[in-house]
Amino acid sequence: MDEGTCGGGTGGQAAAAGVDGPGPPGLRERPRDADEARALQERSAPLVRHDAIDAGAVSLVAGLDVAYSADDDRLAAAAVVLAAPEWEVVDSATAVSRPRFPYVPGLFAFREAPALLEAVAQLGTRPDVLVCDGFGLAHPRRFGLACHVGVALDRPVLGVGKTPFVGRAEEPGRERGAWSPLVDDGEVVGRCLRTRTGVKPVYVSVGHRVDLASAAALTLRMAPRYRLPEPVRQADRLCRERLAAA
DNA sequence: GCGACAG
DNA sequence: ATCTTGTCGC
């Protein structure tokens with residue numbers, strides 16, 4: 001593990017009171033190369049669980065996102081916890097480090113997950129669900145970032161992507177709440193969901209310990225006003241801010 | 001073989 | 001991801 005500077009946040013100063021955990025082997029280490037990374041994903045994919053959860057009963061959600069520096073090679077990860085039903089920020093943490101893996105479509109998690117897990121470990125709050133900016137099962141090997149983070153933490157995680165990666169979906173109805181299945185290789189790997197009437201839809205997929213219907217319902221509840229779920233918007237804002245600071 | 005390819 | 005202003009529309 002490289003050096004990494006962490007910053008606690010809004011709520012608890014006492015670190016590590018929230019989510020943490022060793023998780024299964026491999027997911028917290030850096031693969032030697034792309035082949036090893038792919039093998040690790042194939043080995044981990046069977047561990048993903050789909051559990052139905054009551055989206056309306058979820059009260060604490062953590063949004064996760066990463067920002068990259070324009071000039072140097074720093075990267076900042078943020079985890080922001082929001083409380084339903086108004087989604088006000090109740091806790092947050094950040095971690096600054098360097099990418100530990102090159103950007104390769106499909107191996108995205110090996111780049112961002114280490115810093116994200118570091119930020120999550122700093123939280124003083126234990127969220128019911130975590131939301132990643134990216135995909136879960138909607139991935140070539142059915143093990144995208146949301147699955148990687150979910151299995152590593154053994155916590156409920158879902159992914160919300162802004163642009164399609166794998167699979168195809170028909171254009172959902174124009175109204176908020178309309179959706180269509182995201183299908184890849186004959187398999188439903190996610191859902192194309194319209195969170196705002198007349199606005200480009202988002203792509204929801206299962207990360208871990210949550211099923212697709214629950215993930216979509218929760219995504220809609222977390223996005224009462226903007227296209228992206230509030231936790232993701234807040235995490236996006238915080239990691240950029242953290243990068244702007246020294 | 002060629003192009004596409006989450007952030 | 002990042003480089004980047006104003007502008008059209010609800």
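Here is the naming used below: chain letters follow the sequence lines, and residue numbers restart at 1 for every chain. Just so we're clear, the structure is a prediction, and the values are computed from it rather than from any experiment.
At least one donor-acceptor pair closer than 3.5 Å links the side chain of A/Ser214 to the backbone N or O of A/Ile53. A side-chain donor-acceptor contact under 3.5 Å links A/Asp128 to the backbone of A/Ser59. A side-chain donor-acceptor contact under 3.5 Å links A/Arg155 to the backbone of A/Pro127. A distance-only check finds a donor-acceptor pair linking the side chain of A/His208 to the backbone of A/Arg49 [under 3.5 Å].
Between the CZ atom of A/Phe108 and the P atom of C/dA1 there is a distance of 8 Å, rounded to whole Å. The distance from atom CG of A/Leu228 to atom C1' of C/dA1 is 15 Å, rounded to the nearest whole Å. Between A/Glu112 atom CD and C/dA1 atom C1' the separation is 8 Å, expressed in whole Å. Whole-Å rounding puts the A/Asp72 CG to C/dA1 P distance at 18 Å.
Under the 6.0 Å distance and 45° angle rule, A/Arg74 does not count as a cation-pi partner of A/Tyr68.
Counting 5' to 3', DNA chain B first comes under 4.0 angstrom of a heavy atom of chain A and last does so at the ends given by B/dC5 to B/dG7.
Counting any heavy atom pair closer than 4.0 Å across all strands shown, A/Tyr103 reaches a base atom. At the heavy-atom level, A/Gly106 lies under 4.0 Å from base atoms of the strands shown. The residue A/Leu107 sits close to a base: some heavy atom pair falls under 4.0 Å. Using a 4.0 Å heavy-atom criterion, one finds that A/Leu75 contacts no nucleic acid atom at all. Counting non-hydrogen atoms under 4.0 angstrom, A/Pro164 reaches the backbone sugars and phosphates but no base.
The salt bridge (Lys or Arg N to Asp or Glu O under 4.0 Å) check on A/Glu241 picks up A/Arg237, with sequence neighbours excluded. Judged as a ring-ring contact (aromatic ring centres under 6.0 Å, His included), and not counting sequence neighbours, the contacts of A/Phe110 are A/Phe101, A/His148. By the side-chain contact (heavy atoms from CB on, under 4.5 Å) test, A/Asp33 is found to be paired with A/Asp35, A/Glu36, residues two or more places apart in sequence or in another chain being considered. Under the rule for a salt bridge (Lys or Arg N to Asp or Glu O under 4.0 Å), A/Asp54 has no partner lying at least two apart in sequence or in another chain. Applying the side-chain hydrogen bond (donor to acceptor under 3.5 Å, both in side chains) rule to A/Asp73 yields the partners A/Arg98; only residues at least two apart in sequence or on another chain are considered. Evaluation of the side-chain hydrogen bond (donor to acceptor under 3.5 Å, both in side chains) rule for A/Ser69 yields A/Asp71, A/Asp72 as partners, not counting sequence neighbours. Applying the side-chain hydrogen bond (donor to acceptor under 3.5 Å, both in side chains) rule to A/Glu171 yields the partners A/Arg194; only residues at least two apart in sequence or on another chain are considered.
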Determine, for nucleotides 4-10 of chain C in 5'-to-3' order, which nucleotides have protein heavy atoms under 4.0 Å from the base (write B), from only the sugar-phosphate (write S), or from neither (write -). -------
Steps toward side-chain contact (heavy atoms from CB on, under 4.5 Å) verdict (A/Lys200, A/Arg227): CA-CA 8 Å; A/Lys200 190 203 301 184; A/Arg227 177 165 88 116; 3.6 Å; yes
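Within the structure, side-chain hydrogen bond (donor to acceptor under 3.5 Å, both in side chains) contacts touching residues 174-190 of chain A (residues at least two apart or in different chains) are A/Arg142-A/Asp184, A/Arg142-A/Glu187.
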Canonical and wobble pairing (Watson-Crick, G-U, under 3.5 Å) of DNA chain B, dot-bracket with |: .......
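For the strand DNA chain C, secondary-structure stems (runs of at least three Watson-Crick or G-U pairs, all distances below 3.5 Å) are absent.
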